[in-house]
Amino acid sequence: MMLRTPRLLIRSLLASDQQALHDLNSHDEVQHFLRSAIPSEEEDAASLHRQLAANRLHHDLGHVVAVPAEDPSAPLVGWFHLRPGPDGDIFNPELGWRLHPSVWGQGLATEACRALLEHAFTTVQASSVTAETLAANLASRRVMARLGMAETGMRDWTSPDPVPGREQGVVQARIGLRTWLDTHEDVRSALHELQAWALKERDKSALETLRTLGMDLARIETDGVRASQDLVAELARARGIRW
Ligand SMILES: CC(C)(COP(=O)(O)OP(=O)(O)OC[C@H]1O[C@@H](n2cnc3c(N)ncnc32)[C@H](O)[C@@H]1OP(=O)(O)O)[C@@H](O)C(=O)NCCC(=O)NCCS
């Protein structure tokens, strides 16, 4: 996987990221709501090994790192996953994040996650994306909110690890395709344009596909919004619509 944002390059994990990932995991602030002890080098090497193996199973999902867009050889900005949900469900993947403390508070987690959501809803064709965090992890909950994810429930912290705030439980959050379309102006515009084309061409299968996305046919015809041609083409291609 390779994605670009204004400030970041997001790429699949490499075996050569081992030391950089261990450095990221060695900050007390990073581990505060994750586990009560810093992982050893051996534990991190074993995690990396598992993640690389998982990445080989799914080309468009998995564990990724973000590096500065202007200098991809600079130290890692963060680590993320967009991995299959429970029971290996690739169409309802789970998003997770972990950033180097030196870059917190600059909107980088949100920026990277927005790109991962776009990837999930276009390339992977996910119907929803979920995330979880300890209720006490307010920064993570803020990232969820900024992404348009709604908190859908709570569960107990089941690990024996006595992480601070575990007694408040774990918040579960989700964003569905329709909500994502509504909160993402570029994509909404792109779909409107795609729909206008499908109406003009009277392409039944394209219209049916767009209808399944909940598009409002009557409104679309009068909107006249301009779209990003790249995004339209990508969406159309991803859904097998002639463009
Ligand atoms: C969670 C984390 C990824 C956020 O990264 P970030 O790049 O600082 O995130 P962003 O800048 O995109 O957004 C952070 C938001 O949280 C808010 N925030 C940060 N710390 C906060 C706190 N202690 N309490 C409440 N809100 C907080 C910020 O103000 C910002 O919201 P705003 O811009 O609307 O004001 C980062 O703190 C981190 O890596 N934490 C450790 C690992 C972790 O806990 N991962 C999640 C496990 S589920």
Side-chain angles (χ1 to χ4, degrees), residues 3-10 13 17 20-39 43-44 47-48 50-51 54 61-70 74-86 92-120 128-175 180 183-184:
L3 306 172
R4 279 174 197 281
T5 73
R7 292 178 290 176
L8 299 170
L9 178 74
I10 299 167
L13 267 184
D17 292 320
L21 280 172
H22 182 60
D23 292 346
L24 173 69
N25 285 335
S26 298
H27 291 270
D28 288 333
E29 309 95 297
V30 169
Q31 293 300 338
H32 188 79
F33 292 114
L34 296 172
R35 47 183 287 171
S36 55
I38 301 287
E43 285 176 299
D44 271 341
S47 302
L48 175 63
R50 282 194 300 274
Q51 292 171 19
L61 292 176
H63 303 80
V64 296
V65 291
V67 293
E70 81 280 5
L76 297 187
V77 169
W79 167 99
F80 299 82
H81 64 69
L82 181 69
R83 65 184 180 200
N92 293 285
E94 188 193 352
L95 184 59
W97 43 79
R98 193 176 299 181
L99 261 71
H100 195 283
S102 63
V103 300
W104 288 5
Q106 300 173 30
L108 287 167
T110 308
E111 182 172 319
C113 288
R114 282 193 179 130
L116 287 163
L117 282 183
E118 180 169 329
H119 174 79
S128 78
V129 176
T130 61
E132 288 195 335
T133 189
L134 271 183
N137 191 345
L138 297 180
S140 263
R141 288 174 75 180
R142 188 73 200 121
V143 172
M144 290 169 168
R146 293 183 71 185
L147 294 173
M149 298 184 105
E151 294 187 358
T152 52
M154 296 285 298
R155 68 167 177 85
D156 289 338
W157 172 260
T158 46
S159 157
D161 195 347
V163 168
R166 65 194 178 285
E167 62 289 343
Q168 293 173 45
V170 175
V171 169
Q172 299 167 308
R174 175 186 182 277
I175 182 166
W180 179 75
T183 56
H184 199 297

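Whatever order the structure lists them in is the order used to number ligands and atoms, beginning at 1. Only this structure's heavy atoms are used, side chains among them; waters, hydrogens and symmetry mates stay out.
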[X] side chain near [Y] side chain, heavy-atom distance below 4.5 Å:
| X | Y | value |
| --- | --- | --- |
| Thr5 | Arg114 | no |
| Leu48 | Leu21 | yes |
| Glu29 | Trp104 | yes |
| Leu108 | Arg7 | yes |
| His100 | Leu76 | no |
| Cys113 | Trp97 | yes |
| Glu132 | Val171 | no |

Closer than 4.0 Å: a protein non-hydrogen atom to atom 23 (N) of ligand 1:
no
Just to confirm, does any protein heavy atom lie below 4.0 Å from atom 34 (O) of ligand 1?
yes
Flag, side chain of [X] to backbone of [Y], donor-acceptor distance under 3.5 Å:
| X | Y | answer |
| --- | --- | --- |
| Asp161 | Ser36 | yes |
| Asp17 | Ala20 | no |
| His27 | Pro101 | no |

Just to confirm my output: which protein heavy-atom neighbour is closest to [atom], and how far is it?
| atom | result |
| --- | --- |
| atom 40 (N) of ligand 1 | Trp104 CZ2, 3.3 Å |
| atom 8 (O) of ligand 1 | Gly105 N, 2.7 Å |
| atom 1 (C) of ligand 1 | Ser140 OG, 3.5 Å |
| atom 45 (N) of ligand 1 | Trp97 O, 2.9 Å |
| atom 14 (C) of ligand 1 | Val143 CG2, 4.0 Å |
| atom 21 (C) of ligand 1 | Ala139 CB, 3.8 Å |
| atom 39 (O) of ligand 1 | Leu99 N, 2.7 Å |

Min N/O separation Gly107 to ligand 1 under 3.5 Å
yes
Ligand 1 to Ala109 polar contact by distance, N or O atoms, under 3.5 Å
yes
Within reach of ligand 1, part of [X] (heavy-atom separation under 4.0 Å):
| X | result |
| --- | --- |
| Glu132 | backbone |
| Leu134 | neither |
| Arg146 | side chain |

Heavy atoms only: which of Arg114, Arg98, Arg142 is nearest to atom 15 (C) of ligand 1?
Arg142
So between Asn137, Val30, Leu138, whose heavy atom ends up nearest atom 25 (C) of ligand 1?
Leu138
Going by the atom numbers of ligand 1, which of them fall below 4.0 Å from some non-hydrogen atom of [X]?
| X | result |
| --- | --- |
| Leu34 | 47 (C) |
| Thr133 | 48 (S) |
| Leu108 | 7 (O), 12 (O) |
| Thr110 | 10 (P), 12 (O), 13 (O) |

Would you sort out whether Arg141 and Glu151 count as a salt bridge (charged side-chain N to carboxylate O under 4.0 Å, His left out), showing the intermediate values?
CA-CA 9 Å; Arg141 288 174 75 180; Glu151 294 187 358; 3.0 Å; yes
Any chance the side chains of Asn92 and Arg174 put a donor and an acceptor closer than 3.5 Å?
no
